[in-house]
Structures are given as C-alpha cells and as structure tokens.
2 protein chains.
Amino acid sequence: MNTLSYGLLALLSVKPRTGYELMQQIQPLWRAKHSQIYPLLAKLEQLGCVRFVQVTQKEKPDKKIYSITETGLAKLRSWLPEQADEPVKRDELLLKAYCLSLAEPRQARHLIAERRALFQNHLAKYNAQLAELKRETGLSDGEPGLRSPYFGNYILIKRAIAGAQLELEWCSWVMHILDEEQGQCAERPEP
Amino acid sequence: MNTLSYGLLALLSVKPRTGYELMQQIQPLWRAKHSQIYPLLAKLEQLGCVRFVQVTQKEKPDKKIYSITETGLAKLRSWLPEQADEPVKRDELLLKAYCLSLAEPRQARHLIAERRALFQNHLAKYNAQLAELKRETGLSDGEPGLRSPYFGNYILIKRAIAGAQLELEWCSWVMHILDEEQGQCAERPEP
DNA sequence: TGACCCATGTAAGCCGTTACATGATTGG
DNA sequence: CCAATCATGTAACGGCTTACATGGGTCA
C-alpha cells in the first residue's frame, strides 16, 4: 500500500465519499488524477479496507459511496506514528524565477502576475472551504476540538490560507522591486 | 525536453556547476535524484544546450563542470514566457494531520514536533544560503539588482525563509491547541 | 453549440525512486 | 571503524500523467 492509499483512508476516516469527491478533496494535500485513484479504491476494497454502496441517480451518472472499515481504521492507526516522508515540491515557476534576470521586465511582471492570480483563486477556495466547514460542524464561532473528526481539516485549511497569503505577499514584494527598478521604461503595470 | 531539463539550464545560466552541485542545488525548487540528473545532462549535451570540461582532482573523484551554451540560453529564453504549470505538492504529514484526531495526544505532538525540527533545519540552511549569497555578490547591505544574475536566487531564498518561518508558526499554533486541550492527562511535553 | 460538471474506468508511456556499482578522504 | 561527502553512472520498478472511452445535464 502506497502513501496515496493511506491518504484516501485518511479522508474516509472522517466521512464517506465518492471516488470523484476523494479525487477533488485530496488535491491540496497530495496531487493525484482520477486515473490513479479509481484503481487504488478497487484495491483497497479487495483488501477489506473500504466498502462501497452503489447509488443510482437520475440525471447524473451512478456513483459509489465509499466508507472505511474496521480493517482500514486499524491500518490507518498503525501508519500514523510512522516517520512521515519529507514533503515533495516541484514548482516550475520557481525555476523560471531563478533566471528571472534573463526575462524582459514585462515578461517578468507577467509571470509574477499569473502566479498572483493563481493564489488569489486558491485563497478564495480555501476561505470558502473554511466557511463550509463551519457550517458542517455548526461551530460558527470557535474551532472544532482536538477530538472532533473535523479538527484535522480545520488546521489544514488554516495552514493553506496562511500559505496562500504568504505567496501573495511574496508576489507583491517581487512586483515592487520590478516596478521600482524599471522607472526608466514607462510601461503601465498590468491590471 | 522536460521541465527538469529547463531547470538545469536555469541554474547553469547563472554560473557553471558540476552535475553533483546541480543535483544538490535544484532540490528546493524541484526534487530530483542524481540518477535522473546525470542522464539528462548527457542528453542536454547531445542537444548542444550545455558543454562540459573534465577536471581531474587529486584526493577526490574527477568531475565534469557544465556550462550553458548559446543554444541553451536561446531554449531558456523561449521557455520563460510560456505558461508555468501549477506547483505540485505531496506532503505525507498533511495526510496524517487530516486524521490527527485518531492519534493519541502524545503521538500527535510527536508528529508535529518532528515537522518542527525538519523546518528548523531548513530555516538554518536557507539562512546560511542567504549569507553565502551576500558573500558571493559582495552586497552585504542591499540586495542584488534586477539585472544581476543572482537576483532570482535572492528572491527565492527570501521566499524559502518566509515559508519555513510560516511552517514553524503553524507547528507552534497546533502544539498550543494540543497542549491546551490535554490539560487532564498530565504528561510532560516532549523536549 | 461548445465547454464544463458529474462519474467511473482502462491503457500506454514518461517521470522519478530505489538499488547496484565504484572508491578515496575526512570526521566523530 | 563506521558514516558521510564527493562524484558519476546504469537498470529495474513503481508512481503519475496523458489519452481513450462514455454520456446526460447545465450554462454562456
């Protein structure tokens, strides 16, 4: 069983989900395509870690709602205390940033502007997820307690929001340097 | 030519390096093992994007110092303005954090403590890199200008430092919640 | 009317990791 | 004395991406 399999069990330990939902919701933690997830779910079912009920829908395709079994929970618990691998990051924009001095000033601004737009979207999504989580738990004021199954999701959304904000601050900082040093070539900055 | 190939060219556009150094220095931007990098360098050489000089050393293995060619620079410049792919993140600890409510309190603290230690190391390394960069550019006070080939490295180190600090703050925050809510079970927190 | 969302699955191929291979020097 | 660092390479395998496949409903 690979790491992604444990990740799927982790999501299912909070609540049942379809393969499609798992595919969407695991993205911020572990990027994976549906073509990888569906076969893994089949394997997890054969191992007795998950089970599913088929749901027939009108006007939408049928779906399988997966939930975790006792076997799956046991596997999860024995995986938790193991040493976690170092995070893997691969970021093409950072490679481009490394040789940013090769780019023309407006190209450079464009690259940073694109990243800013990307993380503005991310930030909006994470904020929506936080609102959704507060609805789901009914705790509009405080935070889900350590024993709540939503505790993990809560601390991860907070982390993601802070991360996106930092990314945006970095973009602003770089943009300022680009603007400052290019006072001579009087192009309007991009909107 | 895949993204990693362009990454290698990006590093070489600043200064020549050995395959070994490239392997080490590209890690924060794009995780890759030497077994992937050496064959790519051979391919880039066949394509005429890089060239190398063999250096025989006493008391150390021989090495190849690679540098970028005009062809390689042209390839880099045409790659720069292309839309960059979204960053890829795969973080096993976040999967564990998602189901942290399943863990025993001391297990949970241990997981977070390990991550804190990891990023304290990262932070120290990035700070050392910043000092090294200031030595290399001779600019102990200000920052390398937009036209300096070290500009990209500079903004990336600053970004990495801020990222590591944020990660550490998140760890502290989570630790506090774990400590607070476990007042009843009077275990000593880990050192 | 063309793109996007829901929803699941398979197959081919590239990307990335692990393991095999070698070997001298330095530091704990 | 064992581990780590420097330094380069190959081979096998598993993980991940891209493409193929299907098909109704919604929105601009």
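Numbers restart at 1 for each chain; the letters A, B, ... are given by sequence-line order, proteins then strands.
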Can you give one letter per nucleotide of nucleotides 17-28 of chain C, going 5' to 3': B for a protein heavy atom under 4.0 Å from the base, S for sugar-phosphate only, - for none?
BBB---B-SS--
Please identify each residue that fulfils side chain to side chain donor-acceptor pair (under 3.5 Å) with B:Gln36, with sequence neighbours left out.
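In terms of side chain to side chain donor-acceptor pair (under 3.5 Å), with neighbours along the sequence ignored, B:Gln36 is linked to no residue.
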Using side chain to side chain donor-acceptor pair (under 3.5 Å) as the criterion, list what pairs up with B:Lys15, not counting sequence neighbours.
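Partners of B:Lys15 under the side chain to side chain donor-acceptor pair (under 3.5 Å) test: B:Glu136.
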A:Gln57 side chain near C:dA7 phosphate (N/O to OP1/OP2, under 4.0 Å)
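So the side chain of A:Gln57 is within the cut-off, an N or O lying under 4.0 Å from OP1 or OP2 of C:dA7.
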Separation of [X] atom [atom1] from [N] atom [atom2], in whole Å?
X	N	atom1	atom2	value
A:Phe52	C:dT8	CZ	P	10 Å
B:Glu86	D:dT17	CD	P	12 Å
A:Leu22	C:dC6	CG	C1'	15 Å
B:Asn2	D:dC16	CG	C1'	14 Å
B:Lys64	D:dG9	NZ	C1'	9 Å
A:Tyr38	D:dC16	OH	P	17 Å
B:Ile37	D:dT8	CD1	P	11 Å
B:Met23	D:dG9	CE	P	12 Å

A:Glu86 CD to B:Leu93 CG distance, which is reported to the nearest 0.5 Å
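With rounding to 0.5 Å, CD (A:Glu86) is 11.5 Å from CG (B:Leu93).
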Distance, nearest 0.5 Å, that separates CD of B:Glu167 from NE2 of B:His122:
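Reported value, rounded in 0.5 Å steps: 9.5 Å.
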Describe the nucleic acid contact of A:Gln24 in one word from base, sugar-phosphate, nothing, applying a heavy-atom distance below 4.0 Å.
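Sugar-phosphate only.
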Inter-axis angle, terminal five-pair segments of the helix from C:dT1-D:dA28 to C:dG28-D:dC1 [nearest 10°]:
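So the angle between the two local helix axes works out to 50°.
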Taking transitive links into account, so neighbours of neighbours count too, which hydrophobic residues share a cluster with B:Ile65 at under 4.5 Å side-chain distance?
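Members besides B:Ile65, by chain and number: B:Val53, B:Val55.
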Got a sec, which pairs hit side chain to side chain donor-acceptor pair (under 3.5 Å) with one end in residues 70-82 of chain B, sequence neighbours left out?
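As it turns out, the side chain to side chain donor-acceptor pair (under 3.5 Å) pairs with a partner in residues 70-82 of chain B, which skip direct neighbours, are A:Glu92-B:Trp79.
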Where each residue is assigned the nucleotide of DNA chain D containing its nearest heavy atom, which of A:Met1 and B:Asp62 is assigned the position nearer the 5′ end?
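Result: B:Asp62.
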B:Ile68 pairs by side chain to side chain contact (heavy atoms under 4.5 Å, CB included) with which of B:Leu9, B:Val14, B:Leu44?
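For B:Ile68, the side chain to side chain contact (heavy atoms under 4.5 Å, CB included) check succeeds only for B:Leu9.
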Nearest-nucleotide comparison on DNA chain C, the residue closer to the 5′ end among B:Thr3 and A:Glu21
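Going by which nucleotide is closer to the 5' end, it is A:Glu21.
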Within the side chain of A:Arg90, is there an N or O that forms a donor-acceptor pair under 3.5 Å with the backbone of B:Arg31?
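Side chain of A:Arg90 to backbone of B:Arg31, a donor-acceptor pair under 3.5 Å: yes, one is there.
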Looking at A:Gln27 and A:Ala32, would you say the former's side chain and the latter's main chain have a donor-acceptor pair under 3.5 Å?
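Confirmed, A:Gln27 side chain pairs with A:Ala32 backbone.
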Give the nucleotide from the list C:dG9, D:dT8, C:dT10 with an atom nearest to the side chain of A:Tyr66.
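Nearest listed nucleotide: C:dG9.
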